[in-house]
Engineer: 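Shown below is the structure under consideration.
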Amino acid sequence: MPIRLLYGIDEAHWGRGYAAEAARAIVDYGFVQLGCEQIVASTDVPNLASIRVMEKLGLTFQRRALVEGKDTVFYELTRN
């Protein structure tokens, strides 16, 4: 069963790399400590910063869909 990556950074701290750093720690913890095989994440299409964070971590695009009226993209990363 995959775990879902969720993160949020206060707007005052955007652009400093904190989201990528925190998300990397979560991904590593999920794979190493919890033994998860897969990490999944999603965001609204206009949230380009979150898409960049997911791609920087190696998550790959899986699909795009409307979720509760919001255009959403879904990404995943499988443990090597």
Engineer: Please report, to 0.1 Å, the donor-acceptor pairs under 3.5 Å made by any side chain of residues 31-41, with sequence neighbours excluded.
Structural biologist:
unit_1 : atom_1 : unit_2 : atom_2 : d
Glu37  : OE2    : Arg79  : NH2    : 2.3
Gln38  : NE2    : Glu76  : OE1    : 3.2
Gln38  : NE2    : Glu76  : OE2    : 3.1

Engineer: Test: ring pair (Phe, Tyr, Trp, His ring centres under 6.0 Å). Region: residues 38-64. Which pairs qualify, not counting sequence neighbours?
Structural biologist: Phe61-Tyr75
Engineer: Listed by chain and number, what are the ring pair (Phe, Tyr, Trp, His ring centres under 6.0 Å) partners of Tyr29, not counting sequence neighbours?
Structural biologist: none
Engineer: Scan residues 49-69 for pairs that pass salt bridge (charged side-chain N to carboxylate O under 4.0 Å, His left out), counting only residues two or more places apart or in two chains.
Structural biologist: Arg64-Asp71
Engineer: Apart from Leu6 itself, what residues make up its hydrophobic cluster when side-chain heavy atoms of I, L, V, M, F, W and Y under 4.5 Å apart count as a link, directly or indirectly?
Structural biologist: none
Engineer: Using a 3.5 Å cut-off and no angle test, enumerate the donor-acceptor pairs between side-chain atoms of residues 17-24 and protein atoms at least two apart in sequence or in another chain.
Structural biologist:
unit_1 : atom_1 : unit_2 : atom_2 : d
Arg24  : NH1    : Asp28  : OD1    : 3.4
Arg24  : NH2    : Leu57  : O      : 3.1

Engineer: Transitively linked via ILVMFWY side-chain contacts under 4.5 Å: Ile51 with Val67?
Structural biologist: no
Engineer: Report whether Val27 and Ile3 are members of the same hydrophobic cluster (ILVMFWY, side-chain heavy atoms less than 4.5 Å apart, transitive linking).
Structural biologist: yes
Engineer: When hydrophobic residues are tied together by side-chain contacts of less than 4.5 Å, even through go-betweens, does Val53 share a cluster with Leu77?
Structural biologist: yes
Engineer: Go through the structure and list residues passing side-chain hydrogen bond (donor to acceptor under 3.5 Å, both in side chains) with Thr43, not counting sequence neighbours.
Structural biologist: Asn47
Engineer: Tell me which pairs pass side chain to side chain donor-acceptor pair (under 3.5 Å) where either residue lies in residues 2-11, with sequence neighbours left out.
Structural biologist: none
